[in-house]
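These numbers come from the heavy atoms of this one structure, side chains and all, not from hydrogens, waters or symmetry mates.
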Amino acid sequence: MVADLSQLVKAYDVRGVVPDQWDEPMAELFGAAFVQVTDADAIVVGHDMRPSSPGLTGAFARGAAARGCDVTLIGLCSTDQLYYASGALALPGAMFTASHNPARYNGIKLCRAGAAPVGQDTGLAEIRALVEDWSEHGAPEPSATRGTVAERDVLADYAAHLLGLVDLTAIRPLKVVVDAGNGMGGHTVPTVFAGLPLDLVPLYFELDGTFPHHEANPLDPKNLVDLQARVLAEGADLGLAFDGDADRCFVVDERGRGVSPSTITALVAARELARNGGGTVIHNLITSWSVPEVIGENGGTAVRTRVGHSFIKAEMARHGAIFGGEHSAHYYFRDFWNADTGMLAALHVLAALGGQPRPLSELLAEYDRYTGSGEINSTVTDQAARLDAIREAYGARDGITFDELDGLTVTSPDWWFNVRASNTEPLLRLNVEARDRKGMEAVRDEVLALIRA
């Protein structure tokens, strides 16, 4: 039987339901294929807290070792901890996680040495083809010399590396609530924050891949409700929420209000530009107008790119950028092998807040200049027709510009909006920003009427 991997192998990773779409024998094939495509003689592998993760990880390691590759298992880790290991050890890596997906899912995020991403155009298509072929015809004979499998703990080294990139020596004491969502933040936060002048209030730190309290997806506002309530109840200085594999971090201010990832991007950009004496910062096209403004005001060069981590990482490398940020709360750092780490962004927020006396909402006001809609999804059968209708509606108006870097971006002096088609679902995604709420709501409602006509 030929395995159909079309629903399993995505643009940037492997992700599907266990055991319906994939299982340990298939994970073993992925391990062998990864070694063959990367031509690696050694790799590093880690996993999250999902019930299926240890078994899948062990199978992947067996497949790799059977091809003569030495495997270093770093055990339970966040995705950015795996990227740290790939960078520090100069080894290709595999992270077993399905991020914020429900418990029955699992997946693999793959990278080459130095945390360089493996996507459809950089090896994932070849890996899929090998697994499909081997599942039909049988895996190739093992290598004459089997690779070794060894364990190594890199958590303390990961924490030390991050703490070496942000000066937290002079911060004032802060009370911080952290919602780990039963994900890997419960594993990394205690080690990274140890020794800092923080009164840490942990929320859902128990590692539990069944997610008994809420989805580990802070991008959905309903999953921030518990954190917001706890920040207010504790009188905390701020709240932090990590997703399931703890590579993304969301911030709540002392009033219990969610902070836009664009605002965090602008804050961290200003800090990294000061630390590096200038440089290039990457942002995707649906971050706020405030992001390129702050970059320019702080002596940096802003480079706008498409949505998606493979595009951000490619632009980071091409421009030698010091930092990159996305609306989805992925934050990328040159000094972290151009990979994304929400933990490092969180440390920047703590350093910025703790280095001055004002509350977080006041500190961030200068970086939060406009009103955004957030991303609004609409189910649409004919995406191209709806985009044509939007072009027609706005094309005759004065002062309007069109841009098709990623979907359709329409800009006026007082607002902009972007409409993008989903790669995987019959959806159009809308983001709107304006100078004030009234203007944003007027544009949002007008464009939604066109999308949903």
| Within a radius of less than 6.0 Å around CZ of Arg152, do more than 12 heavy atoms belonging to other residues, nucleotides or ligands occur? | no
| field | Residues Asp340, Ile312; criterion side-chain contact (heavy atoms from CB on, under 4.5 Å); working and verdict | value | CA-CA 10 Å; Asp340 44 321; Ile312 293 263; over 6 Å; no
| Flag side-chain contact, heavy atom, 4.5 Å: Arg304 against Thr409 | yes
| task | Decide whether Ser78 and Asp80 meet the rule of one side-chain donor and one side-chain acceptor closer than 3.5 Å. | result | yes
| Who pairs with Phe417 by ring-ring contact (aromatic ring centres under 6.0 Å, His included), at least two apart in sequence or on another chain? | Tyr394, Trp415
| query | For Arg437, does the CZ atom have more than 12 heavy-atom neighbours from other residues, nucleotides or ligands under 6.0 Å away? | reply | no
| field | Whether Asp243 side chain and Arg248 backbone form a donor-acceptor pair below 3.5 Å | value | yes
| message | Using the rule given for salt bridge (charged side-chain N to carboxylate O under 4.0 Å, His left out), can you reason through Lys109 versus Asp13, listing the C-alpha separation, both sets of side-chain angles and the distance that settles it, and then say yes or no? | response | CA-CA 5 Å; Lys109 294 181 178 180; Asp13 61 10; 5.5 Å; no
| task | Begin with the C-alpha distance, continue with both residues' side-chain angles, and end with the deciding distance and a verdict on side-chain contact (heavy atoms from CB on, under 4.5 Å) for Val189 and Met343. | result | CA-CA 8 Å; Val189 166; Met343 186 67 78; 3.7 Å; yes
| Are Val410 and Phe402 side-chain neighbours, meaning at least one heavy-atom pair lies under 4.5 Å? | yes
| In chain order, what residues pass the ring-ring contact (aromatic ring centres under 6.0 Å, His included) check against His348, with sequence neighbours excluded? | Phe333
| request: Would you list the pairs meeting salt bridge (Lys or Arg N to Asp or Glu O under 4.0 Å) in which at least one residue belongs to residues 286-296, sequence neighbours left out? | output: Glu293-Arg369
| said: Set out, in order, the CA-CA distance, both residues' side-chain angles and the distance that settles side-chain contact (heavy atoms from CB on, under 4.5 Å) for Arg172 and Gln356, then state yes or no. | reply: CA-CA 8 Å; Arg172 60 185 167 94; Gln356 52 83 66; 4.0 Å; yes
| Between Asp436 and Thr371, is any side-chain donor less than 3.5 angstrom from a side-chain acceptor? | no
| remark: In this structure, CG of Asn418 is separated from OG1 of Thr411 (nearest 0.5 Å) by 9.0 Å
| With sequence neighbours excluded, residues passing side chain to side chain donor-acceptor pair (under 3.5 Å) with Ser53 | Asp48, Asn106
| request: To the nearest 0.5 Å, tell me how far Glu151 CD sits from Ile74 CD1. | output: 11.5 Å
| said: Using modelled atom types and a 3.5 Å cut-off, is there a donor and acceptor pairing between side-chain atoms of Glu272 and backbone atoms of Val268? | reply: no
| query | Looking only at atom types and distance, does a side-chain atom of Asn377 sit under 3.5 Å from a main-chain N or O of Leu427, one as donor and one as acceptor? | reply | no
| field | Test item: Arg306 side-chain N/O and Leu285 main-chain N/O as donor-acceptor pair under 3.5 Å | value | no
| query | Looking at Tyr370 and Ser288, what are the two nearest heavy atoms and their distance? | reply | CD1-OG, 3.8 Å
| Between SG on residue Cys249 and CG on residue Leu344, distance to nearest 0.5 Å | 10.5 Å
| request: For Tyr204, check ring-ring contact (aromatic ring centres under 6.0 Å, His included) against everything at least two apart and list the hits. | output: His213, His214
| said: Strictly distance-based, threshold 3.5 Å: is any side-chain N or O of Arg386 a donor or acceptor partner for the main-chain N or O of Leu450? | reply: yes
| query | OG1/Thr210 to CG/Asn182 distance, rounded to the nearest 0.5 angstrom? | reply | 7.0 Å
| query | Would a distance-only check, ignoring hydrogens and angles, find a side-chain to backbone donor-acceptor pair under 3.5 Å from Glu433 to Met440? | reply | no
| field | Polar side-chain atom of Ser86 near backbone of Leu91 as donor-acceptor pair, under 3.5 Å | value | yes
| request: List for me each residue that meets ring-ring contact (aromatic ring centres under 6.0 Å, His included) alongside His187, sequence neighbours excluded, and say none if there are none. | output: none
| query | Hey, does Met184 have a side-chain heavy atom less than 4.5 Å from the side chain of Thr79? | reply | no
| query | So, do Ile108 and Met95 sit near enough that their side-chain heavy atoms are less than 4.5 Å apart? | reply | no
| query | Are any side-chain N or O atoms of Ser262 and backbone N or O atoms of Thr287, one a donor and one an acceptor, separated by less than 3.5 Å? | reply | no
| task | Assess whether side-chain contact (heavy atoms from CB on, under 4.5 Å) is satisfied between Val9 and Phe30, documenting all intermediate values. | result | CA-CA 11 Å; Val9 180; Phe30 272 107; 4.1 Å; yes
| remark: Rounded to the nearest 0.5 Å, the CZ atom of Phe311 sits from the CE atom of Met316 at a distance of 16.0 Å
| query | Hey, mind stepping through Asp245 and Ser99 against side-chain hydrogen bond (donor to acceptor under 3.5 Å, both in side chains) and telling me if it holds? | reply | CA-CA 5 Å; Asp245 59 336; Ser99 185; 3.2 Å; yes
| For the residue pair Ala156 and Thr191, what are the closest heavy atoms and their distance? | CA-CG2, 4.3 Å
| query | Can any side-chain N or O of Thr265 pair as donor or acceptor with the backbone N or O of Gly325 at less than 3.5 Å? | reply | no
| query | If you look at every heavy atom in Ala61 and Leu73, which pair is closest and at what distance? | reply | CB-CD2, 4.1 Å
| query | Any idea which heavy atoms bring Ala241 and Leu227 closest together, and the distance? | reply | CB-CD2, 3.7 Å
| Residue that, paired with Leu267, satisfies side chain to side chain contact (heavy atoms under 4.5 Å, CB included) out of Leu364, Leu353, Val294 | Leu364
| Which pair of heavy atoms, one from Asn217 and one from Asn223, lies closest together, and at what distance? | O-ND2, 2.9 Å
| said: Parallel, tilted or perpendicular, judged at 30° and 60°: which one describes the rings of Phe96 and Trp22? | reply: parallel
| Is atom CG of Asp20 surrounded by more than 12 heavy atoms (other residues, nucleotides or ligands) closer than 6.0 Å? | yes
| query | Taking all atoms of both residues into account, what is the closest heavy-atom pair of Ala351 and Val166, and its distance? | reply | CB-CG1, 3.6 Å
| Side-chain touch Leu350/Leu238, heavy atoms, less than 4.5 angstrom | yes
| field | Side-chain heavy atoms of Leu347 within contact of Phe193, under 4.5 Å | value | yes
| Got more than 12 heavy atoms from elsewhere within 6.0 Å of CZ, Arg257? | no
| said: A side-chain contact here means heavy atoms from C-beta on lying under 4.5 Å apart; do Met49 and Phe211 qualify? | reply: yes
| What's the verdict on salt bridge (charged side-chain N to carboxylate O under 4.0 Å, His left out) for Asp335 and Arg275, showing C-alpha distance, side-chain angles and the deciding distance? | CA-CA 12 Å; Asp335 296 336; Arg275 189 170 79 92; 2.5 Å; yes
| message | Is it the case that the side chain of Glu326 and the backbone of Gly308 share a donor-acceptor pair, with hydrogens and angles ignored and the cut-off at 3.5 Å? | response | yes
| field | Side chains of Asp237 and Glu254 in contact at under 4.5 Å (non-hydrogen atoms) | value | no
| said: Could you tell me if Lys313 sits above the aromatic ring of Tyr12, with its cationic atom closer than 6.0 Å to the ring centre and no more than 45 degrees from the axis? | reply: no
| Approximate separation, where rounding is to 0.5 Å, of Arg15 CZ and Lys10 NZ | 8.0 Å
